[in-house]
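To start, the structure under review is shown below, and the notes come after it.
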There are 2 protein chains.
Amino acid sequence: MPMRRSIEELANELKSLGIRPSHQRVKVLEYLDCNRCHPTVDMIYGSLIRQIPTLSKTTVYNTLNQFADAGMVRALTIDGNEARYDITVEDHGHFRCERCGDVFDFKIDVDSMAAEDLSGFQITDKSVYFKGLCPGCGSKQINIPK
Amino acid sequence: MPMRRSIEELANELKSLGIRPSHQRVKVLEYLDCNRCHPTVDMIYGSLIRQIPTLSKTTVYNTLNQFADAGMVRALTIDGNEARYDITVEDHGHFRCERCGDVFDFKIDVDSMAAEDLSGFQITDKSVYFKGLCPGCGSKQINIPK
DNA sequence: GTTCCTGCAAAAGCTTTGCAGAAGA
DNA sequence: TCTTCTGCAAAGCTTTTGCAGGAAC
């Protein structure tokens with residue numbers, strides 16, 4: 001599942017989308033390719049700063065916004081305070097644990113959902129978010145802190 | 001559909017959940033009951049300040065968080081910058097127009113979705129978000145501004 | 001009288017913007 | 001050389017927190 005791609009492949013993917021493959025951009029993309037855990041900007045920045053000591057958070061923001069505009073990544077706003085980023089892949093939903101905050105993928109066929117009343121709407125994106133307790137937290141039988 | 005409830009009914013609903021029915025709280029709940037358009041905090045505050053000149057945005061935030069904790073309303077984070085609030089009703093999805101920003105409800109049977117890999121997860125909430133162009137904006141045939 | 005509630009002000013946190021210097025074509 | 005990119009600093013926004021006065025019970 002973590003189908004790591006080489007630096008060259010990642011750079012070519014950027015070029016094919018008209019994005020110049022700067023060192024920072026390739027590294028951000030590589031991080032997203034290797035860490036499919038819906039990282040926050042802080043997580044990406046915190047990891048890459050060790051490889052690129054001059055990196056700024058602004059660049060991470062700029063890069064992610066550019067990737068999102070190009071359709072390469074999807075920004076998740078499953079909880080309001082912080083965005084998470086996700087390499088665009090086939091249809092899947094996101095489960096967010098309300099205790100530990102982790103986000104899990106699960107396969108789901110969004111087109112199988114029985115939806116109505118949407119004639120006339122042009123749909124460009126479908127997102128499915130579930131919340132609750134993940135297996136690890138649920139088995140601990142503790143109340144969710146507010 | 002806009003099944004307005006009386007002040008007494010709203011106050012009783014609050015009492016039944018252990019929330020003291022202060023004037024501000026009842027008014028916020030009445031607004032949500034009458035305006036099922038997924039309002040932002042600003043929209044709620046901007047409307048109620050005309051009836052309650054001393055109202056503060058802090059109180060609106062406090063009240064909405066309390067309602068959300070009690071399960072009376074759901075906070076939507078369909079776009080990252082601003083939360084929207086929604087009286088809890090039966091299963092439905094949310095469509096957000098990327099041009100005009102409006103949010104539309106549509107009926108959807110989330111349990112009909114073919115989901116896998118979730119054994120061991122305790123699911124407490126299911127959300128479905130679609131994005132695209134609403135009929136009004138889509139018919140105008142203009143490119144979406146970035 | 002004690003507890004809860006309100007609302008002002010300030011703080012906190014995430015994200016964007018302005019801009020100057022650096023890097024790349 | 002000219003365009004694009006990076007990153008620091010500052011600003012912008014939404015939301016939360018601290019706290020004092022007031023209301024409710």
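We use all heavy atoms of the structure for the numbers below, so side chains are in, but hydrogens, waters and symmetry mates are not. Note that this is a predicted model, so its numbers are computed, not measured.
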Within one Ile-Leu-Val-Met-Phe-Trp-Tyr cluster: B:Ile19 and B:Tyr85, side-chain cutoff 4.5 Å: yes

On DNA chain D, does the nearest nucleotide to B:Pro21 precede the nearest nucleotide to B:Ala83 from the 5' side, or the other way round? Give the residue. B:Ala83

Against the side chain of A:Arg20, the closest entry in D:dT15, D:dC5, C:dG7 is D:dC5

Of the listed D:dT6, C:dT15, D:dT17, the closest approach to the A:Glu82 side chain comes from C:dT15

In whole Å, what is the span from the CG atom of B:Leu64 to the P atom of C:dG7? 14 Å

Euclidean distance, atom NZ of residue B:Lys57 to atom P of C:dC8 [Å, nearest integer]: 12 Å

Looking for any heavy atom pair under 4.0 Å, which part of the strands does A:Asp42 touch: base, sugar-phosphate only, or nothing? nothing

The side chain of B:Thr58 lies closest to which of these nucleotides: C:dG18, D:dC5, C:dG7? C:dG7

Is there a side-chain contact between B:Ser22 and the phosphate of C:dC5, meaning an N or O under 4.0 Å from OP1 or OP2? no

If I take atom CZ from residue B:Arg96 and atom CD from residue B:Glu98, how far apart are they, to the nearest 0.5 angstrom? 7.0 Å

Atom-pair distance (CD1 on A:Ile52; C1' on C:dA22), nearest Å: 16 Å

What's the CZ-C1' distance between A:Arg25 and D:dT6, to the nearest Å? 9 Å

In whole Å, I'd like the distance from the CD atom of B:Gln66 to the P atom of C:dG7. 14 Å

Starting from P on D:dT17, measure out to CG on B:Asn62 and report it in whole angstrom. 9 Å

For A:Tyr61 and C:dT15, is the shortest distance between a side-chain N/O and OP1 or OP2 below 4.0 Å? yes

Within less than 4.0 Å of OP1 or OP2 of D:dT6, is there a side-chain N or O belonging to A:Ser56? no

Between P of C:dT15 and CG of A:Leu76, the distance in whole Å: 12 Å

Considering all heavy atoms of both residues, which atom of B:Leu17 and which atom of B:Ala70 are nearest to each other, and what is their separation? CD2-O, 4.3 Å

Quick check: is B:Phe106 connected to A:Val128 through a chain of hydrophobic side chains (ILVMFWY, heavy atoms under 4.5 Å apart)? yes

Hey, is the side chain of A:Gln24 poking within less than 4.0 Å of OP1 or OP2 on C:dA23, counting only N and O atoms? no

Spacing between B:Asp69 atom CG and D:dT16 atom C1', to the nearest angstrom: 14 Å

Side-chain N or O of A:Asn65 less than 4.0 angstrom from OP1 or OP2 on C:dT15? no

Closest approach to the side chain of A:Leu55, judged atom by atom: which nucleotide of D:dT15, D:dG7, C:dT6 is it? D:dG7

Parallel, tilted or perpendicular: rings of A:His38 and A:His94 (30°, 60°): perpendicular

